[in-house]
Amino acid sequence: MSRSYEDLRKELVERLVKEGIIRSEKVARAMMRVPRELFVPEKLRDLAYMDHPLPIGWGQTISAPHMVAMMTEVLDPQPGDVVLEIGAGSGYHAAVIAEIVCSNGGHVYTIERIAPLAAFAQRNLAKAGYSHCVTVIIGDGSGGLPELAPFNRIIITAAAPSVPKVLLQQLSVGGTLVAPVGRLWEQRLIIVRRVSESEYRTEYGTYCIFVPLIGRYGWSPDVAKT
Ligand code: SAM
């Protein structure tokens, strides 16, 4: 008999806890609650609990669960936070963050530049029951959402050549931005904390590989063709 998605999810989360990738109760609980199988293309559902990125169409991927866990741990979202994600993709990472922030009136805004993927994310979030606290926006998110700033947390889930300064300005004091930054073929997670109006502190995390952030403050669309 094949195992239930819930059993597979529990096993994955327990493994990530054992490996020290999930360190907090809140990230473990959020990843236990969000059904990843609803965020992957239907024909790949049985692979949803492998710890791998998976294709979601248009040359893009849903990140591996360990990467979602690592980034969420360093982002450290709090109940009630208003969060901006750049790179909605499948909507899965937005749902994991929503599990943490939305209990206390928080909200997640997630931007996706590929319109059919934004629709995919929106459908997945609706199926999984997160539409009330996640808003999907179509467009180039590399410049953020100045009209809704400031944000308590900003996460970029695509590879940026550098951290766009316009995004740092949209972070509230005490807020954190997490992004994979570097060359197209390898990046490093950068964690920036805004400690005062004019002061930011930067830390460097794990090496990683993401699809490129394409847009005004990211890479040129030509990189997608190479
Ligand atoms: N967070 C996603 C998830 O949970 O499935 C995975 C994100 S995927 C690794 C990166 C996404 O960023 C892709 O869907 C890509 O189209 C999107 N992207 C790239 N550049 C962007 C930009 N400037 N604005 C918005 N989305 C962008």
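In this text the structure is predicted, and so the values were computed from the model without any measurement. Just follow the structure's listing: the first ligand is 1, and inside any ligand the first atom is 1.
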Judged by atom type as modelled, is there a donor-acceptor pair below 3.5 Å linking the side chain of Glu99 to the main-chain atoms of Ala95? no

Sidechain N-carboxylate O distance under 4.0 Å for Arg201, Glu199: yes

Check the orientation of Tyr130 and Phe39. Use parallel for under 30°, tilted for 30 to 60°, and perpendicular for over 60°. tilted

Should Glu6 and Arg9 count as an ion pair when the cut-off is N to O under 4.0 Å? no

I'd like to know if Lys18 pairs up with Glu14 as an ion pair, taking the criterion as any Lys NZ or Arg NE/NH1/NH2 lying under 4.0 Å from an Asp or Glu carboxylate oxygen. no

Test: Arg188 cationic atom under 6.0 Å from Tyr204 six-membered ring centre, within 45° of axis: no

Which atom pairs, nitrogen or oxygen on both sides, join ligand 1 and the protein at under 3.5 angstrom?
| from | atom 1 | to | atom 2 | distance (Å) |
| --- | --- | --- | --- | --- |
| ligand 1 | 1 (N) | Glu85 | OE2 | 3.0 |
| ligand 1 | 1 (N) | Gly87 | O | 2.9 |
| ligand 1 | 1 (N) | Thr157 | OG1 | 3.2 |
| ligand 1 | 4 (O) | His93 | N | 2.9 |
| ligand 1 | 5 (O) | Ser90 | N | 3.0 |
| ligand 1 | 5 (O) | Ser90 | OG | 2.6 |
| ligand 1 | 14 (O) | Glu112 | OE1 | 2.7 |
| ligand 1 | 14 (O) | Glu112 | OE2 | 3.4 |
| ligand 1 | 16 (O) | Glu112 | OE2 | 2.6 |
| ligand 1 | 20 (N) | Ile214 | N | 2.9 |
| ligand 1 | 23 (N) | Asp140 | OD1 | 2.8 |
| ligand 1 | 23 (N) | Ile214 | O | 2.7 |
| ligand 1 | 24 (N) | Gly141 | N | 2.8 |
| ligand 1 | 26 (N) | Arg113 | N | 3.3 |

